[in-house]
J.: 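Please find one structure pasted underneath; my questions will follow.
Naming convention: chains lettered A, B, ... in sequence-line order (proteins, then strands); numbering from 1 in each chain. Computed from heavy atoms alone, side chains included, the values below leave out hydrogens, waters and symmetry copies.
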Protein chains: 2
Amino acid sequence: MRKAIRPGRPRGARATPAESATAILDVAEQLVQTRGYNGFSYANIAVELGVTKASLHYHFASKALLGSALIDRYHAAFVAALAEIDAAGARPAERLERYVRLYDQVIRNGRMCLCGMLAAEHATLPAPMRTRLRRFFEVNERWLATVLEAGRDAGDFAFGERPGERAAVVLGALEGAMLVARSFDDPRRFRIAARRVIADVVSVGSPRARH
Amino acid sequence: MRKAIRPGRPRGARATPAESATAILDVAEQLVQTRGYNGFSYANIAVELGVTKASLHYHFASKALLGSALIDRYHAAFVAALAEIDAAGARPAERLERYVRLYDQVIRNGRMCLCGMLAAEHATLPAPMRTRLRRFFEVNERWLATVLEAGRDAGDFAFGERPGERAAVVLGALEGAMLVARSFDDPRRFRIAARRVIADVVSVGSPRARH
DNA sequence: GTCTATAACGAGATAGAC
DNA sequence: GTCTATCTCGTTATAGAC
């Protein structure tokens, strides 16, 4: 419910472009994550922010540009979150747990992963969005593969295939678990499935591997 | 490219309602599976079939009814395919393989699972479609759970949790693998991931469990 | 059953005043 | 930067002729 006009601003002062753009992106992001790129309009954002559609076009000239900006910001936030996980210097198992928690926070808010949602609509997206989408998944898989490889080297993980392959399985399983969980309006379904996806990676001897 | 007018029909004869409805559903299905429910229109179908939009409304009065009919037909076809697998009387491992092959045929055609696609758009769907969507996943999971339980009883499978839980993991992983694979325009990504999802279910002692 | 014609509306987008 | 006003187009859907 964030508005373009920031509370506490001097009477009559306008929002800066950056503030308005952020507010627009916030609303648009929520809309895409719940309804999809083809399931929302400038009108939806305008109503939510209490401005006109024309104002939105000042900040994002076209819906395609808005869409690309959405992925860029989401991607950057994700990379920052991954960097934070890395900075904590925890063991691979803990890093994987925290990665899953990123997804859990998304579905907890009744949302789907932004890029998981866009992946479904892939065929209808402008080319710049498709490129960014692909890159988001590539970066995710690469980070996951690194963590998985480190975990196996440390003897904490016991998956059989190449780290990159297992990374693809994990990423797909998490995205799919979100997708299905939303059809049941039940975030717990995601949590239960995610727990098993982690267990499939962890070594058989570990306390978490079975049951 | 199937048309409403069946080739070989006597000159001047019209298509029967059932034939036209089937042709409409065929095109609509392909459109939803590639572009999503919010990504196609009656105009798309009309052009493809060489008829007018008004004709389509004769067979499916509203888009919501068309959508429900789509899920009903897809669900029935899926159930029939599962019955065929069951009728073959193969071992659980073979049944699971054949289940995955159903998904593989879908993505081989450049499509996403109809219900996986609709799951993304869940929040924008009419209530009757949401109900049907949920039911499709329930039936899938129940069938999978039965196969998984039989496999474990037979000593072929070695997953640790309740069959229903593992069924949810498998279903989610397959749907997610399709989703991501489509973003890469690469069906092989699905196949590789699906192979590992199966391996996660199969016993450690089996030749397919590792590498 | 399929057509033409059109209603009724919402979409993305732009011009120009303030 | 945000507004009013408007344009153009595509959408779902209906009426009525053939």
J.: Taking atom P of dT11(D) as reference, at what distance in whole Å does atom NE2 of His57(B) sit?
T.: 11 Å
J.: Does a side-chain N-to-carboxylate-O contact under 4.0 Å join Arg195(B) and Glu165(A)?
T.: no
J.: Taking the minimum atom-to-atom distance to the side chain of Ala54(B), which one of dA5(C), dT11(D), dA15(C) wins?
T.: dA5(C)
J.: Which residue is it: Tyr99(B), Phe136(B), Phe137(B)? I am looking for the one with a ring pair (Phe, Tyr, Trp, His ring centres under 6.0 Å) to Trp143(B).
T.: Tyr99(B)
J.: Whole angstrom is fine here: how far is it from CD1 in Ile45(A) over to P in dA11(C)?
T.: 11 Å
J.: Go through dT2(D), dG12(C), dT2(C) for me and flag the one nearest to the Ser20(B) side chain.
T.: dT2(C)
J.: Please pick, from dC3(D), dA13(C), dG1(D), the nucleotide with the shortest atom-to-atom distance to any side-chain atom of Val51(A).
T.: dC3(D)
J.: For the side chain of Ser41(A), counting heavy atoms from C-beta on, which of dC3(D), dG12(C), dT11(D) is nearest?
T.: dG12(C)
J.: Phe60(B) CZ to dT11(D) P: how many Å, rounded?
T.: 19 Å
J.: Looking at Glu141(A) and Arg166(A), is any side-chain nitrogen of the basic one under 4.0 Å from a carboxylate oxygen of the acidic one?
T.: no
J.: Looking at dA11(C), dT11(D), dT4(D), which one has an atom nearest to any side-chain atom of Ala43(B)?
T.: dT11(D)
J.: So for atom CZ, which belongs to Arg91(B), do other residues, nucleotides or ligands contribute more than 12 heavy atoms lying within a distance under 6.0 Å?
T.: no
J.: So what does Tyr42(B) hit on the nucleic acid, given a heavy-atom distance under 4.0 Å: a base, only sugar-phosphate, or nothing?
T.: sugar-phosphate
